[in-house]
Every structure is written in C-alpha cells, then in structure tokens.
Amino acid sequence: MPLRPVSANSSSSILPLLKGCKTIRDLNQIHTHIIHRGCEQDHHLIAHFISICAAAQPANVRYPTAAFNAVTTPNIYLWNILMKAHCENASLGECFALFSRMRRESNMLPDKYTFPSLIKACSGISALREGQVVHAAAVRCGTEGDAYMGSSLIDFYGKCGEIECARKVFAEMPVRNEVSWTAMMAGCLNCGDIEAARKTFDEMPKKNDVTWNAMIKGLVKFGDLVSAKKVFDEMPVRDVVSFTTLIGGYAKAGDMAAARSMFDQMPSKDLVSWSALMSGYVQNGKPGEAVKVFGEMWAMNLKPDEFILVSLMSACAQLGSSELARWIESYIREGCYDTARAHVAAALVDMNTKCGDMARAAKLFEEMPQRDLVSYCSMIQGLCLHGRGAEAVALFYRMMDEGVRPDNVAFTVILTTCSHAGLVDEGCRIFDLMTEKYAMRPSPDHYACMVNLLGKSGRVKAAYELVQTMPMETHAGAWGALLGACRLQGDVELGEMVARRLFEVEPRNPGNYVLLSNIYAEADRWLNVSDLRDRMSEKGLRKIPGCSYLESTTPA
DNA sequence: TTAGGGTTAG
C-alpha cells in the first residue's frame, strides 16, 4: 500500500492509513511510521495496530506483541486486545503464557473482556481441561454473571460435549439473549439430541438468522434433509448462509442436482457458496463439473480464495490432468496465494502425485516449512501409486520421527501401501506399532489391509487367526479379503468356512458365491461348483460380469 | 468480547 505523507504529528493522521492495511508488509510500513512519529505510547493507536495485525495475512502474533511490548504502561484494554489476537492466531500454550504474563506483570485483574476470547480458543480445539481452568479463573474474578461470558461458556461446554455443564451455566445466567439461547441449542445439536434442540428452538423468546441457520445445519448433520428444508422454508428471511448450509447438505447426501438448483435460486452468492457447490461436485466424484463451476466463477471475474483453489486442485487430482495441474500452479503463484498454508500445500502435493509429476510433488513437499499429517499422507500415497513402496514406508517412519502422530487414515494409507508392494514384515511391524505404541484400535479396514497383505504372501492361516481376534462382529470387508486370500492360495477347507460366515452377513452378495465357486473350480470340485450355482439361482442371484476396457474394445 | 455456511490424505 503506498504511503501518503502525514501532515500532523499525531495518531489521527496514521489511523486512516492503518485501517487500509491488509498484509503484514503494509503494517510494517505503518509501524515504522508510528515509531518515527513518536506514537508508540498511544494506547488507542496501538490497540488498532494489534487488532489489524491479528486480521492480516499471513497471521502472526510476534509483530503485534513487539508493538505491545514497547508500551510502558499498557491498560487493561490493550492487554485484552493482545489476548484476543493471540487467541485467534496462536497456540493455546501461547495464549496461556500471555495470560500468566498479564497476571504477573500488571497489577490489574483480568475482566469480562479477557475471558471470552480465551474460552473461545479452548472451544476451537475442544480443550476441556484448559477451558475449565479459565472458567474457574473467571469465577474467581467475579465475571461469571456477564452475558458474553455465559454465552462463551455454553458454547464451550456444548462443543466439548459436556451438555450438562452447558445447561448449568445457561440455567444460572441472570439474563439470556439470542446468543446464549442459540449456543445452548447448538450444544444440544452437537451432542446429537435433536429433540432437546428443537425444544430449545421452540421455547426461545426471539430468533435471528444465526439461530435458524444453526438449526438447519444441525438437521443437515444428522442427514434429515426433509426437516432441514422445512425449517429453511419456514425462515422469515433466508440469507446466503441458509442457502449455503442446504447446498452442503444436498452435496453430502449425494444429490448434486438439488444442490445446483438451490445454488441457482440464490438471490446473491458469496465465495463460500461457490466453494460449497464446487466441493460438493468433488466429494461426489464429479471433478469435471467442479472445474466447470470454477470456469463460471472465472467468467464473472471473481477472485477465488484458498478454499476454492483446494477444491479445484482436488478436482484436478481426480481428473489426473497434468496440463490443468500446471495451469493451477502458475495461477496460484501469480495470484500471491499463501502456498505455505497447510491445506494448500497438501493439495498441491496430492495433485502433483496424482497427475504424474512425482519430482514436482517431492520438491514442494520438501520445501514446506512444516509438513503436517495430511501432506505426509498425500506423499506416502503418491509413492505407493508410483510403485515406490519402500520409499513410502521410509517416509512413514520419518513422519513419526518428526513427531507427527499418525491417525486412522494414515495407517490405512501405509498398510495399503505395504499390501500393494508386498512388504509383509514392514506391514506387520506397523500394525503392531498402531496397537502397541499408539494404543489405537484397528478398524475393519485396517484388518482388511492386513488380511490382503498376509494372504498375498501365502500366510492365509495367519490372516485367519488375525481376523478371529477382531473385536467386532464378522465384517464383510475383512472376511471378504480373507476369502480372496483363500482363493489365491487354493485353500478349499478354510475358504468354505469363511464363505459360510460371509453368507450369513451378506446373503445377497453374489461376489462371495462366485469366489467360493472359483475356489472349488480350481480344485476340480465340479460337483460343489454346480451345487453353489444352484443355490445362487434359488436366491435369484447373478454375478454382474466384469468388463475391462481391453475386453470391451477387442473385436470378438 | 459471545452463537451460524465452504477446504486436504484412505
């Protein structure tokens, strides 16, 4: 932002310039100005500086903290502004460190403006114990009767699933407003208690847009689109959020025709609504449609944000188009987007691996300031996709060494990789790590990966023993994989036993009958084959014939 | 100062 000359030696001439700042670079120039003009002790100006820093990109708390540190006697207002900036942009640890510093360095008590932002920071990551500490401190400071405080606490307990605590705060509030009622209702929805949410909704003395939209969202979350649409229709005035919530609901339910129709009915659209439509197409495996929507936006001269670009990259990854991938990358570079942001960086890596440019993906991956779980998984999966199983396993170990904790998805990715690459010992070691080091309960999918892995290497008995240790009921995925392994190894006896279990849980899946039939056929047990085919006909089951591109295009 | 909509990996 170009600086105009400042005429007066006062904060009033700097303030308008400050309000126009969008990036940290702009703020850097203004800060120089503040120092140069000797306005460093101006509480009003510094407060504005801190809150604008908190909203600027890239987010950063060191800079506003430095401006704050230069103030010799900051008042409570300034402390609270800095606290809010931390709560919005720093880790919870840094927020608490600032809170301790405030208690230590100032002789002021935190007030009713200090606590809501701290509580909100705890709600954001469902940090129940930390939030309870803040709640206790707020009680000691005598701020608990405040409406903002109460609403923050209701929201916090609701988001942490502690609905009884939320109710207690709500019941004890001397004055409730729309925010506290809505937070209470959203808490019920978060805990899955639709009836209680509905009751709260009906009992509310006054509703606003946020209330109505929270109710729609809650119904969408539980897959009750009919009720969600009914509430939407009952709303006195529908805003862009109501439409977008419903678009997301239809997309989640796989009804993209309804989502598109809702989108077309919107009186006005914002970036979030465009993003909801695009990601809907991506999630429903319609990348071409997503790219078309991007084209529509492009034609309207709208500048996409990072959310939209991530969806576009995901669509491109599904299409596998290296040409589009190159275009997107150059567009992102020229548009001054922040490629270091976790979602953007991970999507870039994923897109490049799936569009065939492993070298580019690896370069982007290594250049990331910090690699998170998703980018590691994208890269591991990319290596698997390109038949580089051993490197994928090595990367998985590097991820753990870097202190990134693998989750369920990460274990599925790496176990699938081991299975594809035939890395039996590695797979078994990683499966043990999952249960022993990380104390995680493997899902049926993880068992299915292990069965595939053991089965492919001829260890069908070990696969069977593993499936028997599964704590859940007979699971079609894992047992189906075991039947496949029996066929591969020609184990008729075990195959019969496994098939019996599968026929119980999936009596109408022809695939299981066909697999067993193939096992019999390969053992020349034609009488059994014929019996099994009779059973299939009795049940009216037919296997849909498999068809490959080669078969369908080869002349007979 | 508090409550509502969209993003990534299996």
Side-chain angles (χ1 to χ4, degrees), chain A residues 51 77 80-81 83-84 87 111-120 123 143 146-156 158-159 173 176-187 189 207-218 220 239-249 251-252 269-280 282-283 304-314 317 341-351 353-354 372-382 384 406-417 443 445-446 448-449:
Chain A
S51 57
Y77 177 59
N80 286 338
I81 292 261
M83 178 60 83
K84 188 166 183 282
C87 292
D111 66 4
K112 61 179 185 179
Y113 294 93
T114 318
F115 294 111
S117 42
L118 253 179
I119 290 283
K120 194 177 177 174
S123 317
T143 64
D146 177 63
Y148 284 83
M149 193 64 228
S151 299
S152 307
L153 284 169
I154 293 165
D155 178 55
F156 162 71
K159 286 201 171 112
M173 275 179 88
R176 300 179 195 105
N177 59 19
E178 288 132 86
V179 180
S180 31
W181 278 94
T182 305
M184 190 64 236
M185 185 193 81
L189 288 168
K207 300 177 184 69
N208 61 20
D209 285 357
V210 180
T211 319
W212 285 93
N213 291 333
M215 190 72 212
I216 295 172
K217 173 70 181 172
V220 159
D239 65 3
V240 63
V241 179
S242 338
F243 278 95
T244 309
T245 309
L246 217 46
I247 289 171
K252 197 178 137 203
K269 303 167 177 80
D270 64 6
L271 282 184
V272 182
S273 24
W274 283 95
S275 169
L277 185 68
M278 262 186 82
S279 72
V282 172
Q283 283 156 24
D305 65 3
E306 270 110 350
F307 283 72
I308 289 165
L309 291 172
V310 167
S311 285
L312 181 66
M313 285 189 271
S314 183
R341 287 181 89 167
H343 283 84
V344 179
L348 271 168
V349 170
D350 179 56
M351 177 177 75
T353 67
K354 292 197 176 126
D372 69 350
L373 181 63
V374 179
S375 49
Y376 262 112
C377 286
S378 298
M379 197 62 209
I380 290 168
Q381 207 201 164
C384 171
D407 68 352
N408 274 320
V409 177
F411 278 109
T412 307
V413 171
I414 193 65
L415 292 175
T416 307
T417 302
S443 72
D445 281 349
H446 296 128
C449 286

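Proteins get letters first, then strands, A, B, ... in listed order; numbering begins at 1 in each.
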Closest of dA3(B), dA9(B), dT2(B) to the Tyr148(A) side chain is dT2(B)

Per atom distances to the Asp350(A) side chain, the nearest of dT7(B), dG5(B), dT8(B) is dT8(B)

Pick base, sugar-phosphate or nothing for [X], based on heavy-atom distances below 4.0 Å to the nucleic acid.
X: Lys207(A); result: nothing
X: Thr182(A); result: base
X: Asp209(A); result: base
X: Val240(A); result: base

Item to complete: Kindly indicate whether the side chain of Thr245(A) and the base of dG5(B) share any N or O donor-acceptor pair separated by less than 3.5 Å?
Response: no

Exercise. Return yes if the base of dG6(B) and the side-chain atoms of Asp305(A) contain a donor-acceptor N/O pair under 3.5 Å, otherwise no.
Key: yes

Test side-chain contact (heavy atoms from CB on, under 4.5 Å), reference Thr244(A), set Leu246(A), Val240(A), Val241(A), output is Val240(A)

It should be established whether [X] places a side-chain nitrogen or oxygen under 4.0 Å from OP1 or OP2 of nucleotide [N].
X: Gln381(A); N: dA9(B); result: no
X: Lys120(A); N: dA3(B); result: yes
X: Lys217(A); N: dG6(B); result: yes
X: Ser279(A); N: dT7(B); result: yes
X: Lys84(A); N: dT1(B); result: no
X: Ser314(A); N: dA9(B); result: yes

Applying side-chain contact (heavy atoms from CB on, under 4.5 Å) to Ser117(A) and not counting sequence neighbours gives Met83(A), Lys84(A), Cys87(A)

Sorted by chain and residue number, the side-chain contact (heavy atoms from CB on, under 4.5 Å) partners of Thr211(A) (sequence neighbours excluded) come out as Thr182(A), Met185(A), Phe201(A), Met204(A), Lys207(A), Asn208(A)

